[in-house]
Protein chains: 2
Amino acid sequence: MATLADLIEGYLKRLLAVSPRRYIDIQRRELAAKFNCVPSQINYVLDTRFSLERGYLVESKRGGRGYIRIYRPSPLKIDDWGKIFASLDDGDFDPRVAADFLNRVYEEKFISRREAKLMESLLRDEHYLSLVEPEIIRRLQGKLFEAVLKVILKD
Amino acid sequence: MATLADLIEGYLKRLLAVSPRRYIDIQRRELAAKFNCVPSQINYVLDTRFSLERGYLVESKRGGRGYIRIYRPSPLKIDDWGKIFASLDDGDFDPRVAADFLNRVYEEKFISRREAKLMESLLRDEHYLSLVEPEIIRRLQGKLFEAVLKVILKD
DNA sequence: AAATCTTTGACCTTTACTGACCTTATTATA
DNA sequence: TATAATAAGGTCAGTAAAGGTCAAAGATTT
C-alpha cells in the first residue's frame, strides 16, 4: 500500500494534529518538492482526502505570497445532530453528509472506530443496488441510519 | 489431482500461515504471472477457496498501487458458520438465526454489547416494510448483515 | 452424456499521477 | 504610476496501473 497520495495525506494530518491553530498553511510548490512530485499532485490529495465531505475545509490564495490553508474539521454542534435527524425524515438523506457526520462523531469519541465503520457500511450503495430502485435506496439508508443512531443515543 | 487453482490455494495458505499479521497482501497481476495464468484465475481461486463460508475474508483496492488483502480464517468456533454465510447471498437468510449467531458472537466477546445492538437493529423488518417487497427484505438484511460482519472480521 | 469444476479473455471500473495551459497576486522597474 | 516580470496556485484532460465481471470454452467427474 502507501501510495504517494497516502504519504502526503498522512504528513498533512500530522501537521494538523500538532498545529496550535485550527488550520495549517502550506506552500504547494514546496510540498510538491518535498515529495518529489508535480504540484497538481497536491491538489489531487486535497480533492480526494481533504474534501468537504470528509469534514475538511481548504482555502487558498494565488500569486506571490500565495498559500493553501487547511482547516481541521470543526467540532460537532447540537445543531448538527438536529440537521441530520431532520434529513432522515424528509426525502433528501445524503449518505455523504451522513458519513461526514459519522466521522465527526467518531473524532469526538462518541463512538468507536469500529462502530463508525459498521455504521458507515450501511451508507454504501453497493449493498442495495441490485435489490431496490435508486430512489428507494436513500430512504432505506435514512431509515437504517436512524435506527443505528438511536441505538447509540439510547446507550 | 492438483489443479492450478489448488496450487494457488496452497501457496496463499502457506503465505497466510507464515505471515506475522492477520492478513496477507498480494498483487493480482504478479501472482498470475508467477503461476502463468490470466489474472481472473486469481479471482476464481479467491471466490471458490477463500469465501466467507470457509471463514476467509478478502478485500481489495483498484487503481495504481492496488492490492488484494486476504485475512486469516475467523477464529470463531461456531458450527453453523458456513450455513449462515451461505444464506447471506441467496434468498433464505433468516434474521432469527442471525440474531442467535450474534448472541454467540457477543458471548464469545468478539463484539461489544452496543455493537450487537447496532447489528441487531438491521434485522428488524419494521425499517424495511414500507419501502420494499417482503421477499426483498430478507435479501437486503442478508447483504447488510454480511457487510457489517465483514467490518468485525477485519478488525 | 450430463453435470460440475477450471481456465481463459474481452471488456469495465477505479485510483493515482503528470503536464500543458490558465488565473491571480505581488513586486520590480521604466 | 503604469506596466512588465515573477511567483504563486487552479484546472482538466490524458495516461498508466491496478483490480472486477461475466460468459464461453475446455477439462474432469459422475
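The shown structure was predicted, so the numbers you read here are calculated from the model rather than taken from an experiment. In what follows, chains are A, B, ... by sequence order, proteins preceding strands, each numbered from 1.
When side chains are defined from C-beta on, B:Leu144 does not count as touching A:Arg124, because their heavy atoms never get closer than 4.5 Å.
With D:dG19, C:dC17, C:dT6 as the choices, the nucleotide that has an atom nearest any side-chain atom of B:Thr3 turns out to be C:dT6. Residue A:Ile68 places its side chain closer to D:dG10 than to any other of D:dT11, D:dG10, C:dT8.
Going from atom CZ of B:Arg28 over to atom P of C:dG9 covers 13 Å, rounded to whole Å. Atom CG in A:Leu4 sits roughly 13 Å away from atom C1' in C:dT15 (whole-Å rounding). Rounded to whole Å, atom C1' of C:dG19 lies 13 Å from atom CG of A:Asn43. At whole-Å resolution of the value, CD in B:Glu59 and P in C:dT14 are 18 Å apart. Counting to the nearest Å, the C1' atom of C:dT18 and the CD1 atom of A:Ile42 are 13 Å from each other. Atom CD in B:Gln41 sits about 16 Å away from atom P in D:dG26, given to the nearest Å. Remark: C1' of D:dG9 and CZ of A:Arg69 are 15 Å apart, rounded to the nearest angstrom. Nucleotide D:dG9 holds its P atom 12 Å from the CD1 atom of A:Ile70, rounded to whole Å.
Put simply, the side chain of A:Arg29 and the base of D:dG9 share no donor and acceptor less than 3.5 Å apart. On a pure distance criterion of 3.5 Å, a polar donor-acceptor pair joins the side chain of A:Arg62 and the base of C:dT23.
Listed pair A:Lys61 / C:dT26 meets the phosphate criterion, a side-chain N or O lying under 4.0 Å from OP1 or OP2. For A:Arg65, no side-chain nitrogen or oxygen approaches OP1 or OP2 of C:dT24 to under 4.0 Å. At least one side-chain nitrogen or oxygen of B:Tyr44 sits closer than 4.0 Å to the OP1 or OP2 atom of C:dT6. In this structure, A:Arg49 does not reach the C:dT15 phosphate: none of its side-chain N or O atoms is under 4.0 Å from OP1 or OP2.
Comparing B:Ser60 and B:Gly64 against DNA chain D, the residue whose closest nucleotide sits nearer the 5' end is B:Gly64. Nearest-nucleotide mapping onto DNA chain C: of A:Gly63 and A:Thr48, the residue sitting toward the 5' end is A:Thr48.
By the 4.0 Å N-to-carboxylate-O rule, B:Lys150 lies close enough to B:Glu146 to be salt-bridged with it.
Both A:Phe85 and A:Val105 are part of a single hydrophobic cluster, where members link through side-chain heavy atoms under 4.5 Å apart.
Aromatic ring pairs are classed by plane angle as parallel below 30°, tilted from 30° to 60° and perpendicular above 60°; the pair B:Phe145 and B:Phe93 is tilted.
Within the 4.0 angstrom heavy-atom criterion, only backbone atoms of the sugar-phosphate kind lie near B:Ile26; the bases stay farther away.
Distance check: A:Phe50 CZ to A:Leu12 CG gives 4.5 Å after rounding to the nearest 0.5 Å.
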